[in-house]
Every structure is written in C-alpha cells, then in structure tokens.
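Encoded as structure tokens, the structure appears first; notes follow it.
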Amino acid sequence: MTLEVTGLTHRYGDELALEDVSFEVDAGEIVGLLGPSGCGKTTTVQTIAGHVNSTAGGIHLRGEDITADPPERRDVGVVFQEPTLFPHMTVAENVAYGLLPAGVGPDERAATVDRYLELVSLSEQREAMPAALSGGQRRRAELARALAPQPDVLLLDEPLSALDRGLRDRLREEIARIQRETGVTTLYVTHDQETAMALSDRLVVMSDGQVAGIGEPRELYESPPTPFVASFLGRSTRLPVTPPGDPGLTLESRALAGDGGTPADTGLICLARPSDLTLLDSERTETECTLAGVVDRVTDLGTRYEVVLTLDAGGELTVETQRVQLVPGERARCTIDRTDLLLFEESSGRVGPVC
Amino acid sequence: MSTHTRTTWTARSTLLVPALLGGLLLVYVAVPFVAFLARTGTADVLARLGEPQAQVAVRNSLLTATTSTIVATVLGVPLAYVLARRSFPGKRLLEGLIILPLVLPPVVAGAMILTAFGRFTPIGATAYAVGIELTGSFIGIVLAQTFVAAPFVVVTARAGFGAIDERLERASRSLGYTALGTFRHVALPLARGAILAGITLTFARAMGEFGATYMVASNPRTMPTRIWVDFINGGIDAVVPVGLALLAVTLAVLAVVQRVGRVPTVIDR
C-alpha cells in the first residue's frame, strides 16, 4: 500500500481531536475520508501532510515512516479547502513552484507545466494572475500545482466545498478524470456523501475523531457497520422497536435478544432508508412490518416528496415518495420490506435485518 | 433631481464632515511649512549649504540613517515574522517593549542608551578598551537612531506578515520548500509593500532623530544636531538652509523608495 495511517491520535490542548485513527490507501486508489464538520477529517489530513504533529500514532508512505518528517520531505501534495494559489505569481509560475526544490531543470520544468496545465484545461490562462481566474479555474490550477511534482499521495481537503452545486458537479467529474489519467493515490476529504460515493474506490467514515467505518461505498451504504454510518451515508429514519403487543415494530426473533427478553429491553436500534418505506393506501393490506401514525408535514423537494409521520408507537418517521395525496393531520400507514431494515445492537454495532 | 445626481450629492455629503475635519488638520500642518519656506528669501541658502560643516552634517545624516535603517530592517523583519506567526509566553511583553521607543521622549531614550552603553558602563568600557566608542561617535548616532526608529519597520512588517494567509505558507511547505525557503518565496514578497512602508518610515525617523542622538552623540553632527547648534548661535534664519536640505533629502529618498517599491499611497484595492 502507499499510505498507512496507524493509531493516529491528536489533542488540541485538552480536546481530543483524533483518537486511534487507522486506515490505508493502496497505490492508485482514491479513498474518500467522509464525516460531518468537526469530526477530525482536516486534522487527519494536516497530520498526514505534516502541518500538524500528532500526539500519538504513525504515518507510513511507501513503507517509510514519515511521522516525524517536516512537510517538505513528505512527497505529499495538498489541495486545501480554501484557495492557496500564490497571488504574486502567474498560473504557470504557481504550477512550476513545486518543481524547483525537486531539482527539475528549466526545460523539463516548462514541459511539465505545459503538460499539467493542459491536463486541467488551463493552457490559455498560463500567464494569468490568480485573481483573474474563476473559482473553478483556481481549483484546477491548484490541482495542477499539487500534481506537477508527482507526489506519492494527493490530499484533497474539501476542494469543492466553497463552489456552487453545478460547478461542484462538473469539477468532481474532472477530478475523477484527472485521477484516472494520472493514477495518483488520492485521499479525498469531504462532508458531502454524494461526492464521496461518486468519487471513491473506498470510504473511511469518521465520527467524533474516530473511524466509524471503512469499506467500499456501496457495501457501506447497504450494510453500514454502525447507526452513525447508516444515518450519515445516505439518509435514515429510526423505527420504534417495542415489545410484542405494542403498536411499534415487533421483533420476533428471540435469538437477537439472546436473553429471552423483548428486543426493546436489549437496546436495539432499528433504522430504515426513507426511500425504502412505502406509504400504504387504504385498499392495501398490512404486512408484518407496518407502522401507523398521523401525517405531521409534507415537503415538496422537487424530485420527490418527504412525508413525516408521528407514529402511534411514538417518535417520527420520514418517508420519501414520488406522489402523495396526504395532508397534515391525516392518518397514514407505511410499510417496509424486512430485508431493508437496518438493525443494530446499541452496544455492539450491527446485528442484521430481521423483522 | 435625477437618481444619478442624487447619488452623487449623497456621496459628497457623506464625506463633507470628515473632509472638513481633515482639511483643518492639513491646514495646521501646511502653515508651518509655508511659513518656514517663506524664510528662504531672507537666508542665503546655497551659500550656507556650501559650507563644510553643513556638508558634513548632510553626509553624516545620510550615512547614519541608512546604516540604522539597514540594521533595523535586517534584525526587525525577522522579528516581525516571528511575532506574526508564533505565540509564546511573554509575547505581549515583547510587543510592548518594541513599541515603547515610539512613545518614549527621545531624550529619555538617549538617557537609557547612555546608561546601557555609555563610556563608564560595562559594555561601553569593554568596547572602548578594544577601540570602539559607543557614544560620541558614528556608532553612537546609529545606536540612538536604531533604538528610536526600528519599531516602525517591526510594527508595519508585522502587520504585513499577519495579513498573509498562513495556508499559503503551508502550501509552499508541501510543495517542497523549507521554512526559510517559504519565508523568502512567499512571505517576503507578499509582505513587501508593508516592509517597504516600514523601511521608509524608519529611514525618515532616523533622518530626523534629534533628542536621543544629541544625548548619545552630539558629535559628529547630523543635520538635526547641526540645525540645533545653528539655531542656538544664529536664530531661526540660520536653521533654514540645513532644515531645507533635511526636508529635501528625506522627501527625495521617500519618493525613490515608494516609486521603486510601488508602495501604495492609499489602501491597496
């Protein structure tokens, strides 16, 4: 593997920012580091880049321990969240900047700059100053600057977060293309699960300074290891789990509880994707996984509707649907296929799909 | 009234009060200049400036102020960078110490330098023993000017470095540059305007320095000490030639520095 992060821990004063973070990035792979704001993503990237010294843990690049190395000796390219093009240099000078300490001669330097400017479609802007570039062009110029010295690993720290949606989508595709063409090993940091799912070969999901799950995007989405991953990677809504006879979902399998008690006693968490829930009309018969309640609100999201039910069993449930005739205050029922349920034991993570 | 006219009138009226207040200050500053320059008719300026004493004073001022500015810049710019980039215990105290010479009466500053580097202090005596006179000498003038004028370059350069996004420097480090290389290629060019402004102020202050200089080294004469001696001996009119020379030299140097360094005269948009 190219990058190996082992037991990374970092404190800002008394505050624990990272706790025992471990993951690997294989050669040529693009790994998404995904998590909500403040979960430690940027600290992880800054530690790998050498701008933050970790309290504990190790970083290996191509098998070499670089934990104590200064940033300039790491062969790690970084594209920061905010633009960092040098404002006193042209685009070409910015791209050439990292080639000088690498000992690249003038002719090869010029050829490399041309090659990378062409790669990011900025050949015509080579003599432009950064202030004259659009937001998307600046990001592309930074990408070219980070790639030109051919780093072992490219760290992209939320490079698209400051851009509008349309530009973000276009640049996301461009980053994917550039990564494919260069084959550079990439760690892509984002809080946007859509971007992470679309770009990544594998995902590392972080929560509260810890790794909450690692795996291929589809695998993590369909079989999330923890309730956090289930709720962060795609949307999820929590279903009430109650003892037999009560109006919630009754989980019949005693094997799950393990102690012969009711599932509600064992601290089970039952989640479902809002898109997996189906609203039942009056003619349809109830299935074994049916919940009833009162419509609290209906939100038109353009491509779909979002219906929030206040359940008879307590709590709220969100259902996504393409068409809806319900209005707030009306009674409604919804159902879900038992295999779509995401069931977790609070203490030990995922248990399995059972209804 | 059209919208455009109304907008223009509003914009003008908005600046009316500050313009009036600022105008008063400008008049107050300009009047002594005009009055002083009006005396040139009564004084034989060129003849007085041609005297060896005046020429020595001009030369000494240029040499000492240039030396003081170089010393203040070479030592002050790195200090400004450290102050802009690092937090450490006692930093506030250090910053206060740097600013102190700005608010201290120059005569008191001179007295302080004498108590530290005077002929009969340990440092002064040691230097004297090896043939270096720290007071009453060219070095003494530089010591006094540097003490009083160095804060200008430190304070302005610090503001310049502080305005640079630290992420630019991190990007530079990740592109293979050491901390020193990053300082040279990123921080220094980006803070250039502020540093040059500081150098300009330092030079101007050093050129005009009198109180501390007179205490530490009244000889050899600089232009300000020459002016004082001329005033004592000959009154106001005797001051005019060297005073004008001081004004002209300082303005010329400032103009050159600002032109070469392209230091903005107003807020850089």
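The chains referred to below are lettered A, B, ... by the order of the sequence lines, with proteins before strands, and numbering in each begins at 1.
Chain B forms the most heavy-atom pairs under 4.5 Å with one residue out of A:Met89, A:His51, A:Glu72, A:Gln46, and that residue is A:Glu72. The most heavy-atom pairs under 4.5 Å with chain B, out of A:Gly50, A:Pro87, A:Pro151, A:Gly77, come from A:Pro87. Chain A forms more heavy-atom pairs under 4.5 Å with one residue of B:Arg170, B:Arg167, B:Glu169 than with any other, namely B:Arg170. Counting heavy-atom pairs closer than 4.5 Å to chain B, the top residue among A:Ala148, A:Ala102, A:Gly98 is A:Gly98.
Residue contact with chain A, scored on non-hydrogen atoms closer than 4.5 Å, involves the side chain of B:Leu190 exclusively. Contact of A:His88 with chain B is made through backbone and side chain together, with heavy-atom distances under 4.5 Å. Contact of A:Tyr97 with chain B is made through backbone and side chain together, with heavy-atom distances under 4.5 Å. Residue contact with chain B, scored on non-hydrogen atoms closer than 4.5 Å, is absent for A:Leu99.
The side-chain heavy atoms of A:Leu155 and A:Ile48, taken from C-beta on, include a pair separated by under 4.5 Å.
Stacking of A:Arg145 on the aromatic ring of A:Phe86 is recorded, both the 6.0 Å distance cut-off and the 45° axial limit being met.
Remark: side-chain polar atoms of B:Lys91 are paired, donor with acceptor, to backbone N or O of B:Leu83 under 3.5 angstrom.
Salt bridge A:Arg170/A:Glu174: absent, no basic N to carboxylate O contact under 4.0 Å. Salt-bridge annotation for A:Glu15 and A:Arg11: absent, with no side-chain N of the basic residue lying under 4.0 Å from a carboxylate O of the acidic one. Here A:Arg74 does not pair with A:Asp69 in a salt bridge; the nearest charged N to carboxylate O distance is not below 4.0 Å.
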